[in-house]
2 protein chains.
Amino acid sequence: MNKLTRLCILGGMAASTAFVATGLQARPAREIAGAKYVFFFIGDGMSATQIQATEAYLTAKNDGDVNLAANLRKTDNILNLNRLPVHGMQTTYAYDHLITDSAAAGTALACGTKTNSGVIGMDYSKTKEFKSIAELAKESGRRVGIISSVSLDHATPASFFANTANRSGYEEVAVEAALSSFDFFGGGGWLYPNSNAYKTHYTKLSTTSVEAVLANEGYTTLNTDAAIRALKTAPRTKVVCTVPVLQSSAAMPYAVDKPAGQVSLAEMTEVAVACLTGNNSGGFFLMVEGGKVDWACHANDPVGTIGDMLDFDDAVGVAIDFYKQHPNDTLIIVTGDHETGGLTLGFSGRGYESAFEKLLGQKLSYEAFGAKVAAYKTAKAFAKPYNTAANNIDQQMKDMILADFGLSFDSLSDYRKNLLEAAYDRSMSGAALAGTTTATGWDRGYGTTETISNVDYLYYGGYDALTMEISHQISYETGLGWTSYSHTAVPIPVMAMGFDDYRFSGFYDNTDIAKSIAAAMRVNATLPIVTNP
Amino acid sequence: MNKLTRLCILGGMAASTAFVATGLQARPAREIAGAKYVFFFIGDGMSATQIQATEAYLTAKNDGDVNLAANLRKTDNILNLNRLPVHGMQTTYAYDHLITDSAAAGTALACGTKTNSGVIGMDYSKTKEFKSIAELAKESGRRVGIISSVSLDHATPASFFANTANRSGYEEVAVEAALSSFDFFGGGGWLYPNSNAYKTHYTKLSTTSVEAVLANEGYTTLNTDAAIRALKTAPRTKVVCTVPVLQSSAAMPYAVDKPAGQVSLAEMTEVAVACLTGNNSGGFFLMVEGGKVDWACHANDPVGTIGDMLDFDDAVGVAIDFYKQHPNDTLIIVTGDHETGGLTLGFSGRGYESAFEKLLGQKLSYEAFGAKVAAYKTAKAFAKPYNTAANNIDQQMKDMILADFGLSFDSLSDYRKNLLEAAYDRSMSGAALAGTTTATGWDRGYGTTETISNVDYLYYGGYDALTMEISHQISYETGLGWTSYSHTAVPIPVMAMGFDDYRFSGFYDNTDIAKSIAAAMRVNATLPIVTNP
């Protein structure tokens, strides 16, 4: 990757001179300089349904009956992101898929170009590299911050600083972060803290440690709550803040699993703002990703999703507070990169009824409960071969389900009990449902040349079966439906407020958002030179 | 119902005088008079997913591969409604349900007030009646037209001229249509063309015929294509145009089932425009409902849905053509009243893949195929009791499925064959699946006090089982998912163009749309006096 040879879809600052020279000298300096402070919030997997489900959950929690308009309209039940005045909608498809992945979507949002799923910061032919709006912001004198609740080398954050044909090259992405000169990284950690691949991708130093690579490029890594919080009063730049307790894949814990007192996504946003504005900065561009909304939706986990939606929305609240102090210089954009899970607010078995109070009993994420199921299985030490007929959900498991989801097994219909028993057997035995095969690849057994039956995948999506069956049942009784364990092609709303917010009204493509942000920052005067559609 | 005592949430024309008197005399007459020509398109059951699915279908039909961004972006594959420049989003909940019905949603869109599901033009207490924006338009000197592809006394059209505590009072609604003085009705017919109830609701005449009631109020009913088309060159008012061939419930046929040469929703819109503008009218308000998008989505019928979406969008095209001739005086608004079916663009069994070409083989609606299944069953004259083991899908049925849906039974996996066989037995025997019960009421067996198992409803939703199983399988292999046979609470996009279109930007409630239309027509200066919720 050679920064010097990269195409610049979004233009560069040099063009600003031409902009000024075309007779616009009389405009206020603010108009010429563009949005000084830019917040770009990306709810990974977030569409209108995730937003509406979260407001319905809040209504049930705060006011009880979710079916009363008077409750739904209460101010406390409206998300911060729904308070932004400008509204738009974006299409999300990739260059090569109606249903995008996060790499192609991230590249569209960061670089303003379509590319193939799996590709970051490059074109579909994987030969051209693109600058991102974060890099253009940095060149313009603004500081840049990148926050994600998942690992910092994951596809969405990576799209703002990396260029790679394969999103799975996490070590290469981490090295590009170190070389980015960006001012702030915060949230999760790095997928491979130690890997021999760093020797290949970073030749200035012989090390297998990403922290050593970062340190060699001037970055300080902080991973205690106290050290991270200290930045609010003693801000600095070139800092990487990773919360101390991580869940799988080096991600921040789901909001519903967060250890008490640990820095949240919202507090990380406050820390970033302090660092990006300290010592008279020239403004900033801050991207904040709610990355685990997507993961929870992949797992069809309703409260995992809603918990992280609320966490993400709290971070939006931090930006709104900042906006109130700098109303003429701040731009806030909130959107998602795609929808995940095929979430809808209606289920056949509930007809026209909704009962979001059914979700109030869920106390932890699918990941945390799945770990408890695995521990239970180990403790049980079932005789082999596993005997489906002899092993049923016992009182211990019933108690776990009641305590963690508020679901009383004995009160359920035989239909639902049987589904839970089948899932229990699937979890305890580890064997796929009889007569089925394991799904592989991007097509999951219902395709054009479909000759296998993939019921096991249809039921459980490759997740712990018992956890998935519980997640489905509490979703269904709430009146929530899911159609997929993958992303969908649903268009995604865009909300905006502040400087040049009018640019985000209307219906457009995800690539237009990067262009509009670049335009609002006045770093785009030569755009676009995109050559693919 | 007493028009004189009705509350007027949206104010009346008298207020326009005050508006002019407050120092705005210098404004152009156009500004003071408001939007002269108003088109209000309501896609019943239409959300962003129905729109995106339709564009993907067009892409597959016109250009083949739906996974190529270059194809998705082609102009021919973009719907007319997505060409409107202003975009907004609305919440749809009723006064008493997060998931609304069409009566409460219609009342919100027509009268600007929340009410209970099932109620038309009245408040939640069923004691106050409200004027609609159509009635205010009429009072202001504009002509008014009401078009629907379902019967003209159905909830959505009724909301613009009727006030009743019970949407099922179709005869009362039809009488209110006759008393409305509106200038044009077109589309489907009346649910009860003949009924003793007309004697109760219309005392001026002793008749059981809705046509006689209408005639007595000065309306001419036309029900041949030639007579309807003749209005384009010889326009008149107080006319009711019903297409000659109707499907069930006095609705226009699904677009995919339309007899060749019959007037379409778009052509009916052309006819209405001719009648509403003929002889120097003072402008118009025209509501056009795509009512069978909803019905097809209830039945989870993908091409039934898309066919009627295209039909509806063609009608929007007529409005855009009119706008081009009257760009300074025309306002076009397009939205849905709610989503139906929980449609999403992703299915677990397809992962990230989409294959909309799989829909190109569907040649008719679920209703038309269901009728063929019923005829097949009658012809077979199965021995009773029906023998599930002995009766399987035969070559005749396989040929029907192949011809009408492009689905080759013998090429399917055992899993899918078994599901089709079970559905076939369900259709031929008429017996619910073993161990299940029939769903009743608004809650469909997955509720709070759930003690029954309603698998039969979960699978087939009360529709012909074989037709539903086919609809589901072709949806799934396309990469479409459904979660319900009812409506959902998904927020709905709003598109607008023309006079005062800025009012429709942002995120707001469905009740705000009626208020914004009233404001654009300058008939709202005293709004709102809404007291609920």
Side-chain angles (χ1 to χ4, degrees), chain A residues 48-49 52 56 66-67 69-70 72-73 82 85 87-89 93 95-99 114 342 344-355 413-415 442-448 450-455 458 461 476-477 481 483-491 493 505-507 533, chain B residues 48-49 52 56 66-67 69-70 72-73 82 85 87-89 93 95-99 114 342 344-355 413-415 442-448 450-455 458 461 476-477 481 483-491 493 505-507 533:
Chain A
T49 54
Q52 183 68 68
V66 73
N67 287 309
L72 286 160
R73 285 186 164 194
N82 270 340
H87 198 278
M89 186 90 96
Y93 50 81
Y95 182 83
D96 65 341
H97 271 90
L98 178 61
I99 299 176
K114 291 286 188 205
T344 73
L345 282 91
F347 176 66
S348 52
R350 288 313 304 268
Y352 289 85
E353 296 300 325
S354 307
S413 67
D414 289 345
Y415 170 68
W442 272 39
D443 196 311
R444 304 300 165 83
Y446 221 96
T448 304
E450 186 256 334
T451 53
I452 58 170
S453 65
N454 232 317
V455 187
L458 293 178
Y476 297 162
E477 64 182 16
T483 70
S484 182
Y485 306 107
S486 303
H487 305 168
T488 69
V490 176
S505 182
F507 188 52
Chain B
T49 54
Q52 182 67 70
V66 72
N67 287 308
L72 287 160
R73 284 187 165 193
N82 270 340
H87 199 278
M89 186 90 95
Y93 49 83
Y95 183 82
D96 65 341
H97 271 92
L98 178 62
I99 299 176
K114 291 288 187 203
T344 73
L345 283 91
F347 176 67
S348 52
R350 290 311 305 266
Y352 290 84
E353 296 300 325
S354 307
S413 66
D414 289 345
Y415 169 68
W442 273 38
D443 196 311
R444 304 301 165 84
Y446 221 98
T448 303
E450 184 259 332
T451 53
I452 58 170
S453 65
N454 231 316
V455 187
L458 293 178
Y476 298 162
E477 64 183 15
T483 70
S484 182
Y485 306 106
S486 304
H487 304 167
T488 69
V490 176
S505 183
F507 188 53

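Since the model is a prediction, treat every value here as computed from it, not as a measurement.
- The contact between B:Ala56 and chain A is made entirely by side chain atoms (from C-beta outward), counting heavy-atom distances below 4.5 Å.
- Looking at heavy atoms from C-beta onward, B:Leu458 lies in side-chain contact with A:Tyr415 at the 4.5 angstrom threshold.
- Heavy-atom pairs under 4.5 Å with chain A were tallied for B:Ala48, B:Pro491, B:Pro493; the largest tally goes to B:Pro491.
- Rounding to the nearest 0.5 Å places CG of B:Leu72 at 8.5 Å from NZ of A:Lys114.
- For chain A, the nearby parts of B:Tyr476 are the backbone and the side chain; heavy atoms of each come within less than 4.5 Å.
- If you tally non-hydrogen atom pairs under 4.5 Å between each of A:Pro85, A:Ala489, A:Gly481 and chain B, the highest count goes to A:Ala489.
- Chain B forms more heavy-atom pairs under 4.5 Å with one residue of A:Leu98, A:Val66, A:Asn82 than with any other, namely A:Leu98.
- Under the 6.0 Å cut-off for aromatic ring centres, A:Tyr352 and B:His487 qualify, their centroids lying closer than that.
- Of all heavy-atom pairs between B:Gly88 and A:His87, the closest is C-ND1, 4.2 Å.
- Contacts of B:Asn67 classified as side chain to side chain donor-acceptor pair (under 3.5 Å), with partners at least two apart in sequence or in another chain: none.
- One distance of note links OG of A:Ser486 with CD of B:Glu353; it measures 9.5 Å at 0.5 Å rounding.
- Taking B:Thr483 as the reference, A:Thr344 meet the side chain to side chain donor-acceptor pair (under 3.5 Å) condition, with sequence neighbours excluded.
- A:Leu345 is not listed as a side-chain neighbour of B:Ile99, based on a closest heavy-atom distance of 4.5 Å or more.
- Heavy atoms of A:Phe507 lying under 4.5 Å from chain B belong to its backbone as well as its side chain.
- Contact detail for B:Gly346 and A:Thr488: the closest heavy-atom pair is CA-CG2, 3.9 Å.
- Nearest heavy-atom pair, B:Ser484 versus A:Gly351, reported as atom, atom and distance to 0.1 Å: OG-O, 4.4 Å.
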